[in-house]
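Below you'll find the structure, written out as structure tokens, and then a few comments.
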Protein chains: 2
Amino acid sequence: MAEPRRRRAATVEKVSRLLDATEELMLSEGYAAVSSRSVAARIDITAPLLHYYFPTIDDLFVAVLRRRAEQMLARTRAALSSPQPLRAWWELVSDPRGTGLIVEFVAAANHRPALRTEVGLVARELRRLQMEALASILGEYGLDPEDFPPALVAAAVQGLAFAVVADRAAGHDTAHEQAAAAMARLVARLEDRRERRPAE
Amino acid sequence: MAEPRRRRAATVEKVSRLLDATEELMLSEGYAAVSSRSVAARIDITAPLLHYYFPTIDDLFVAVLRRRAEQMLARTRAALSSPQPLRAWWELVSDPRGTGLIVEFVAAANHRPALRTEVGLVARELRRLQMEALASILGEYGLDPEDFPPALVAAAVQGLAFAVVADRAAGHDTAHEQAAAAMARLVARLEDRRERRPAE
DNA sequence: GCGAAGTTAGAACGACTGTTAAAAATTAGA
DNA sequence: TCTAATTTTTAACAGTCGTTCTAACTTCGC
């Protein structure tokens, strides 16, 4: 009957530090480096304590994914409804941390069913958001929806970010910088074109 | 002095079956599912025997990567010098097996230094090949190299394939099919345009 | 201060990992 | 057929993994 006592202040902060440490580990050493002991050690706690907050490692991964997904969804929404949607969106997906994490999650989902369904959920939601926003603004950029449907533009922008990040991770190549620079110019030109033809 | 006796016939075939099994495992369950015992079991041999052929697991990964890389390089060369370079190239990178493996290798390289340098090598070589070929044919498609430099086109094509594959893996979404279809149309239109302006 | 709830540490489990050592089986070349 | 090189198996090592159990410690609400 008595309502459960609320968690202590230290707890909620510890949980967020756990999520931070997990992200950090995934980015620096890959998702396979994530284990109850390795993550716990990063914030000076013991493995069983981690399991007190996250019963299974899958729970931990899902929590990290959910937190990041909410942030990504919010930022994507904001970018796509900003004055320069394309530019803001490109800057967002160009963040190597965000895109790097996505790569890790996609790979991790490959052999973790629990994560797989969750990744799928997030991916669909994100795609839905993008398609909806793009459908109403692509015309303003002078892009024929017949030739460049929202699905293509969405995949291209996201994929280009993948390629640039993967290239950067693979070695010291200058190609990705050229590609990123060229993409930035292309986006700028499109934004320019859009500005000169206000509401058709 | 006496030259070392040559390997038995069964050996070379066993090695190739080991590489096949490793690829299969990487694609179906992710690179993290690869272990001396799991791979060995797939072709009914024991783990120590695997280590007889590949002293360390890194050696195994590198061998798989090298074999695949040679194939990819050859196919890319062929595609880019075919009658319809862009279409052939797009079809090549659209192969989910190839692109799926790349994703796994990029993720695996994250915490396997030996693999990291090898992946970097392959990536650079592949990129060099693409840039060289694209530099001489992009003009034929009516693409201004100022707006669409080879580096951008290369990253976009490769990245688009990533996005489509990742989407497909994440769940049953129709967006990737729309994107792939739109890309195929775009490529077809470009090939068309090119055909109508032979050698400028 | 008391009792209960929330939090933490220690020890241990069974399963799996990469890898090695040693010995046995198989095969090639003389 | 003999011998030496090649291939294969068995057993075992030290380490890590996820997770659970237990008992202790800390804090909250009264």
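The model shown is predicted, which means the values in this text are computed figures rather than measured ones. Protein chains get the first letters and strands the later ones, always in sequence-line order, with residue 1 at the start of each.
Atom-to-atom, CG of B/L25 to P of C/dT17 comes out at 10 Å; the value is rounded to the nearest Å. One can place CG of B/L50 at 14 Å from C1' of D/dT9, the figure rounded to the nearest angstrom. As rounded to whole Å, 16 Å separates atom P of D/dC17 from atom CG of A/D58. Atom P of nucleotide D/dC17 and atom CZ of A/F54 are separated by 18 Å, given to the nearest angstrom. For B/E13 and D/dT7, the CD to C1' distance is 14 Å, given to the nearest whole Å. In this structure, B/H111 places its NE2 atom 14 Å from P of D/dT16, rounding to the nearest Å. The CD atom of B/E29 sits 11 Å away from the P atom of C/dT17 (whole-angstrom rounding).
Within the 4.0 Å cut-off from OP1 or OP2 of C/dT7, at least one side-chain nitrogen or oxygen of A/T11 is found. Distances shown here put a side-chain N or O of A/K14 below 4.0 Å from the OP1 or OP2 atom of C/dT8. Note on B/T46: every side-chain N or O is 4.0 Å or more away from OP1 and OP2 of D/dT8. The side chain of A/Y52 contributes no N or O atom lying less than 4.0 Å from OP1 or OP2 of D/dT20.
For B/L49, the listed nucleotide lying nearest its side chain is D/dT8; candidates were C/dA9, C/dA21, D/dT8.
Across residues 30-45 of chain A, A/V34, A/S35, A/S36, A/R37 each have a non-hydrogen atom less than 4.0 Å from an atom of DNA chain D (numbered order).
Residue-level contact check: A/Y53 touches the backbone only, with heavy atoms under 4.0 Å from sugar-phosphate atoms and none from bases.
For the atom pair B/L80 CG and B/R75 CZ, the distance stands at 14.0 Å (nearest 0.5 Å). Rounded to the nearest 0.5 Å, atoms OG1 (A/T22) and CG (A/L101) are 10.5 Å apart.
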> Can you list the steps and then say if A/L143 with A/R194 is a side-chain contact (heavy atoms from CB on, under 4.5 Å)?
Replying inline: CA-CA 10 Å; A/L143 293 175; A/R194 177 165 171 266; over 6 Å; no
Mind listing the side-chain donor-acceptor pairs of residues 103-115 of chain A below 3.5 Å, one per line with the distance, residues two or more places apart or on another chain?
| unit_1 | atom_1 | unit_2 | atom_2 | d |
| --- | --- | --- | --- | --- |
| A/E104 | OE1 | A/Y31 | N | 2.8 |
| A/E104 | OE2 | B/N110 | ND2 | 2.7 |
| A/N110 | ND2 | B/E104 | OE2 | 2.7 |
| A/H111 | ND1 | A/A108 | O | 3.4 |
| A/R112 | NH1 | A/D58 | OD1 | 2.7 |

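Between B/I43 and B/A21, the shortest heavy-atom distance links the atoms CG2-CB, 3.8 Å.
The pair A/E70-A/R66 does not count as a salt bridge, with every side-chain nitrogen at least 4.0 angstrom from each carboxylate oxygen. Ion pairing between a basic and an acidic side chain is recognised when a charged N comes within 4.0 Å of a carboxylate O; A/D192 and A/R185 show no such pairing.
Every stem involving DNA chain C, taken as at least 3 paired positions in a row under the Watson-Crick or G-U wobble test at 3.5 Å, is listed here: C:1-30 with D:1-30.
At distances below 3.5 Å, not a single donor-acceptor pair connects side-chain atoms of A/T99 with backbone N or O atoms of A/P96.
Only one option out of B/R97, B/R67, B/R42 pairs with B/D20 in a salt bridge (charged side-chain N to carboxylate O under 4.0 Å, His left out); it is B/R67.
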